[in-house]
Amino acid sequence: FYNCLDLPPEQRTKAVLTILSNIYGIDIQAKNVDLCKRHLLDTVCDAYEFFFGEPFPYFMQAAVIINKNIICGDTFTLLKHLSQPQQSLF
């Protein structure tokens, strides 16, 4: 967020979404994945409001990125654990 402080408002939200789209995670426990997703989204929204004094305008887009990049799976077998147990992670 520090790099975004000098950007105009229309560019800072795009920069925040770009930063967020570069965060990935895999965990074998669904509860941990859900908590991580929730905490990451809350942190992004809280930090945006703290630094820029306004609510984060792209909450839904951020949630989609987080849901896509933080997943439940087994990195040893490279299989997803939730929707389709035999689907490869990659």
Side-chain angles (χ1 to χ4, degrees):
F1 282 92
Y2 293 113
N3 295 337
C4 301
L5 291 175
D6 295 329
L7 295 175
E10 64 275 358
Q11 290 181 353
R12 73 171 69 131
T13 53
K14 182 180 178 184
V16 170
L17 289 175
T18 301
I19 292 167
L20 188 60
S21 69
N22 286 288
I23 298 174
Y24 296 91
I26 300 172
D27 196 297
I28 199 165
Q29 294 186 351
K31 182 179 177 182
N32 291 345
V33 171
D34 291 339
L35 284 173
C36 178
K37 288 177 181 181
R38 205 169 319 135
H39 290 167
L40 184 57
L41 187 58
D42 288 345
T43 300
V44 167
C45 292
D46 290 346
Y48 190 92
E49 189 165 354
F50 175 79
F51 283 108
F52 306 121
E54 60 185 32
F56 185 57
Y58 293 104
F59 178 86
M60 294 303 294
Q61 290 85 341
V64 168
I65 291 170
I66 290 170
N67 282 327
K68 181 78 173 165
N69 290 354
I70 309 294
I71 61 172
C72 186
D74 186 346
T75 57
F76 291 116
T77 62
L78 300 179
L79 297 177
K80 286 188 177 180
H81 279 270
L82 292 179
S83 59
Q84 299 173 359
Q86 295 305 311
Q87 184 179 0
S88 175
L89 289 172
F90 304 103

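In what follows, every heavy atom counts, from backbone to side chain, and hydrogens, waters and symmetry copies are set aside.
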Participant: Please say which of I28, D27, I26 ends up in a side-chain contact (heavy atoms from CB on, under 4.5 Å) with D74.
Facilitator: I28
Participant: Output side-chain donor-acceptor pairs under 3.5 Å for residues 44-72, partner residues at least two apart or in another chain, one line each.
Facilitator:
from	atom 1	to	atom 2	distance (Å)
N67	OD1	K37	NZ	3.4
N67	ND2	A63	O	3.2
N69	ND2	S21	O	3.2
N69	ND2	I23	O	3.4

Participant: Going from CG on D6 to CD on Q11, what distance comes out if it is rounded to the nearest 0.5 angstrom?
Facilitator: 11.5 Å
Participant: Who pairs with E10 by side-chain hydrogen bond (donor to acceptor under 3.5 Å, both in side chains), at least two apart in sequence or on another chain?
Facilitator: none
